[in-house]
Amino acid sequence: MFLTIETTGTPDAPATDLGFLLHKHPGRAQAFSTSYGTAHVFYPEAAAEQCRAALLLDVDPAALVRHGRGKGRGGAPDAAMAQYVNDRPYAASSLLAVAIGAVFSSALKGQCVARPELPERELPLVVTVPAVSARGGVELVHALFAPLGWTVAAEPVPLDEQFPEWGDSRYVRLELHGRMPLAHALRHLYVLLPVLDDSKHYWVSADEVDKLLRAGEGWLPGHPEQALITSRYLARRRSLTRAADERLELLRLAEADDRTAESVDNAVSADENTDDSDSTDGARDAHPSPQPLAVQRRTALLTALRQAQARRVLDLGCGQGQLVRELLADPVFTEIVGVDVSMRALTFAARRIGLERLGERQAARVRLVQGSLAYTDARLKGYDAAVLSEVIEHLDEERLPALEYAVFGAARPGTVLVTTPNVEYNVRWETLPAGEVRHHDHRFEWNRGQFADWAGQVAERYGYGFRLVPVGPDDPEVGPPTQMAVFTRREEDEKRKGEAAA
Ligand code: SAH
């Protein structure tokens, strides 16, 4: 089982820097023992212009049998010969990935103590693996590596060179060309070689999810074959695959969010601006109100929270932390947790509330955590109240049931406050062209009937009562600009009734 990594260099950046990156001296051949045999690292070529490192894993078939995983998939477990005569010693698979992890662990992590600037450097790389076990063949090899920036040359290896009519084996000679930091290349191989082989030589346990996410950092979330990669990497264990996919989705959202951070910021500030302008520019609003709508909304939320006697409060989709700051200013709120999927929004929020400079007691009352409301999250259980202020309309309607379950079904706070725009009111915004939503990131805007229906269904399904509260001037024809639903968990209702009776 064999793999080479090759790079070219210049006098300023010699190719032999590869030795620093791999933590293996180009002048020496080294051997490392692993549970399945001996891994050798040596450099067939080591010059400033060109340097090639080779990893040769000399698999001990007896060790494989001792570890109980001698058979390739489809091999007969009981046939004595199959335990010894199989492809495992020769074809690159999860064994080679484990060897990469063991022998090049610092390089895989992108660490280089001697030359800390090196791991970041993009190198022209050529990776060659003469025999990769590839279920899915050349096509899958392309589908896995090409989206990662590799130029892929993959040739099927014939079953027998003497008899081409026998067709191809499932082995592929692989050559990858690309320009990237070495750690990226190693992480791609570490994950994708076992995925191609699709036959792990060891029992896949829960910590494999962590390994996958660590090695997949920066490239796996959003990879077009992500589903196949997680499923095969985790040996098709459904629960693990689901856990991995959820965490990847979170990462993808966060990364996409960081990329489009501008637009997220705009989303929040545009809401604010729209709102601010109706105080200064009466022409935009048939019913000019004394305060910006965002301020009125926060006042309505704070009032409802105080009425509910909430002390420990979640602000779900807290954005840039305006409400968190106001909650912090009132000592009745003893614990405040702001949650958002956008790291960038949370960074702004931390700055807005001066998180770094808060005294110990204030700091103990507030937390900002990153998370997606589309998934259940044990950290959100047991609170008195949760606020979803101008958040639901940022989710695709088909994802809404997931949020409903996560909030009303799993987190189950005593009170839930939900605000969203009332689309009927849009005709009153004179600068808003007919039929348009208030913000480009709004996936939908509901009229009063739609919101009431939604609230009714959620309340029914999850055992909450609810009332609707207008926020902003309540126009006789089109209603208020913002609509709020106040949900109260039924047990609370019962308790309160009980107390009143006593
Ligand atoms: N609550 C704030 C911000 C509303 S903007 C306010 O009233 O001003 C909507 C916010 O929801 C954004 O910060 C966005 O990042 C966040 N968001 C959108 N989808 C989310 C999801 N699935 N999980 C968590 N936050 C989400």
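When a ligand or atom number is given, it counts from 1 through the structure's own listing order. All values reported here derive from a predicted model rather than from experimental measurement.
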Asker: In chain order, what residues pass the side chain to side chain contact (heavy atoms under 4.5 Å, CB included) check against Thr334, with sequence neighbours excluded?
Answerer: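 So Thr334 forms a side chain to side chain contact (heavy atoms under 4.5 Å, CB included) with Arg311, Arg312.
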Asker: With heavy atoms of Leu395 as the reference, note each atom of ligand 1 found under 4.0 Å away.
Answerer: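 So the answer, numbered in order with elements, is 19 (N).
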Asker: Heavy-atom contacts with Gly371 under 4.0 Å: which atoms of ligand 1 show up? List them by number with element.
Answerer: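 Atoms satisfying the 4.0 Å criterion: 23 (N), 24 (C).
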Asker: Does this structure show an ion pair linking Glu477 with Arg428, if we count only N-O contacts that are shorter than 4.0 Å?
Answerer: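 So Glu477 pairs with Arg428 through a salt bridge.
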Asker: Say whether Asp315, considering both its backbone and side-chain N or O atoms, lies within less than 3.5 Å of an N or O atom on ligand 1.
Answerer: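 It does not: no N or O of Asp315 is found under 3.5 Å from an N or O of ligand 1.
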Asker: Cys318 to ligand 1: N or O pair under 3.5 Å?
Answerer: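 Checking ligand 1 against Cys318, no N or O pair falls under 3.5 Å apart.
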Asker: Between Thr7 and Pro124 (side chain of the first, backbone of the second, donor and acceptor by atom type, cut-off under 3.5 Å), is there such a pair?
Answerer: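 Yes; at least one donor-acceptor contact below 3.5 Å.
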Asker: Taking atom 23 (N) of ligand 1 as the point of reference, which of Val387, Leu323, Leu373 owns the nearest heavy atom?
Answerer: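 Going through Val387, Leu323, Leu373 one by one, Leu373 has the nearest heavy atom to atom 23 (N) of ligand 1.
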Asker: Taking Asp330 first and then Arg306, would you say they form a salt bridge - that is, a charged N and a carboxylate O separated by under 4.0 Å?
Answerer: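 Yes.
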Asker: Taking the six-membered ring for Trp and the full ring for Phe, Tyr or His, determine whether the centres of Trp150 and His177 are under 6.0 Å apart.
Answerer: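 No.
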Asker: Show your working on side chain to side chain contact (heavy atoms under 4.5 Å, CB included) between Leu346 and Val369 and close with a plain yes or no.
Answerer: CA-CA 8 Å; Leu346 290 175; Val369 303; over 6 Å; no
Asker: Show which atoms of ligand 1 fall inside a sub-4.0 Å distance from at least one heavy-atom site of Ser342.
Answerer: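 Numbered from 1, ligand 1 contributes 15 (O).
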Asker: Taking 4.0 angstrom as the limit and counting only heavy atoms of Ser372, give me the atoms of ligand 1 inside it, by number and element.
Answerer: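 Counting atoms of ligand 1 from 1, those under 4.0 Å from Ser372 are 22 (N), 23 (N).
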Asker: Just checking Phe20: does its CZ atom have more than 12 heavy atoms from other residues, nucleotides or ligands closer to it than 6.0 angstrom?
Answerer: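 Not more than 12 within 6.0 Å, no.
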Asker: Just jot down the ligand 1 atoms closer than 4.0 angstrom to any heavy atom of Val341, in number order.
Answerer: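 What qualifies from ligand 1 is 15 (O), 20 (C), 23 (N), 24 (C), 25 (N), 26 (C).
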Asker: May I ask you to check if ligand 1 and Asp340 share an N or O to N or O distance below 3.5 Å?
Answerer: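 It does: an N or O of Asp340 is found under 3.5 Å from an N or O of ligand 1.
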Asker: Is any N or O atom of Val391, backbone or side chain, closer than 3.5 Å to an N or O atom of ligand 1?
Answerer: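 No; the residue has no nitrogen or oxygen that sits under 3.5 Å from a nitrogen or oxygen of the ligand.
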